Amino acid sequence: TVSKTVRAERKKERQIEEHKNSFMLFGAQEEFVGDGENAEWNNTESLVKDILDECGVDDQNIMRIEKLGRGGNNPVKVVMRSSCYVQHVLKQAPKFRGYPEPCWRNLYISPHRTKEQQVPGRNGHSALIPLL
């Protein structure tokens, strides 16, 4: 019916808007770092805030941090208030490749893509196609 079609279109529009306002963080590991009195738990939320601080983005612009799955090495979805913050973080992302800290070394930051923007690759993994 028409109302189902309209609802489906609205849902798709909301998803596209949320994808514009979010990015994915891969390789974030939760671990206990340091020794003695200087030891601290490196959790996902503090890591995301440190990344945003390093990029020059205020962590007050975070709307939601979602860890997808269980365990220590699952993707993290970060939803921001505006797409301009996401674009700024994505432009700064390459600078994290050379960081000496173990919890930052393997980080990969990418746009949050819709199913239509992902192309199934070999071995069931998704290959990414350019954003429109």
Side-chain angles (χ1 to χ4, degrees):
T1 65
V2 174
S3 63
K4 285 184 181 180
T5 306
V6 170
R7 275 189 265 152
E9 286 295 320
R10 287 182 184 160
K11 182 179 178 183
K12 187 174 181 178
E13 288 173 10
R14 282 193 307 270
Q15 287 176 341
I16 290 172
E17 191 62 32
E18 182 169 319
H19 282 264
K20 286 180 184 177
N21 293 341
S22 60
F23 63 89
M24 299 297 293
L25 178 64
F26 299 92
Q29 296 182 346
E30 291 187 350
E31 57 188 14
F32 201 66
V33 294
D35 57 317
E37 292 181 22
N38 296 327
E40 63 181 21
W41 184 253
N42 178 18
N43 67 18
T44 305
E45 185 175 336
S46 66
L47 181 64
V48 170
K49 288 181 179 182
D50 288 346
I51 289 169
L52 292 178
D53 185 47
E54 198 67 31
C55 290
V57 176
D58 187 12
D59 63 7
Q60 296 294 319
N61 296 309
I62 299 172
M63 291 185 67
R64 194 168 65 247
I65 298 172
E66 295 179 25
K67 187 158 187 171
L68 307 176
R70 296 184 178 189
N73 197 12
N74 289 307
V76 177
K77 180 170 98 172
V78 181
V79 182
M80 304 293 288
R81 293 194 188 282
S82 170
S83 63
C84 68
Y85 300 118
V86 173
Q87 293 303 316
H88 184 72
V89 170
L90 292 173
K91 286 179 184 176
Q92 299 290 318
K95 78 178 187 178
F96 295 112
R97 290 184 191 143
Y99 271 49
E101 291 87 358
C103 61
W104 291 52
R105 191 176 303 138
N106 297 320
L107 288 180
Y108 176 70
I109 301 172
S110 74
H112 187 197
R113 300 177 189 266
T114 62
K115 292 287 184 192
E116 292 83 25
Q117 292 169 328
Q118 298 175 3
V119 177
R122 295 182 298 174
N123 303 328
H125 296 288
S126 295
L128 301 178
I129 60 172
L131 291 171
L132 300 175

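All of these numbers come straight from a predicted model, not from anything done at the bench.
Partners of Lys20 by salt bridge (charged side-chain N to carboxylate O under 4.0 Å, His left out), not counting sequence neighbours: none found. Scanning for salt bridge (charged side-chain N to carboxylate O under 4.0 Å, His left out) contacts around Arg7 gives an empty result, with sequence neighbours left out. With sequence neighbours excluded, the residues that form a salt bridge (charged side-chain N to carboxylate O under 4.0 Å, His left out) with Glu18 are Arg64, Lys77.
In this structure, CE in Met80 is found 8.5 Å from CG in Asp58, a value given to the nearest 0.5 Å. Here the straight-line distance linking atom CD of Gln92 with atom CD1 of Ile109 works out to 9.5 Å at 0.5 Å rounding. Here the NE2 atom belonging to His112 is positioned 12.5 Å from the CG atom belonging to Leu25, to the nearest 0.5 angstrom. Atom OH of Tyr85 sits about 12.0 Å away from atom CE of Met63, to the nearest 0.5 Å.
Nearest heavy-atom pair across Asn21 and Arg81 is ND2-O, 4.2 Å. Pairing each heavy atom of Phe26 with each of Ser110, the nearest pair is CE1-OG, 3.4 Å. Pairing each heavy atom of Pro111 with each of Leu90, the nearest pair is N-CD2, 3.8 Å. Residues Asp59 and Leu52 come closest through the heavy atom pair CA-CD1, 4.3 Å.
Follow the hydrophobic side-chain contacts under 4.5 Å out from Ile62 and you never reach Val79; the two are in separate clusters.
Just one residue in the list Lys12, Glu13, Arg14, His19 forms a side-chain contact (heavy atoms from CB on, under 4.5 Å) with Ile16, and that residue is Lys12.
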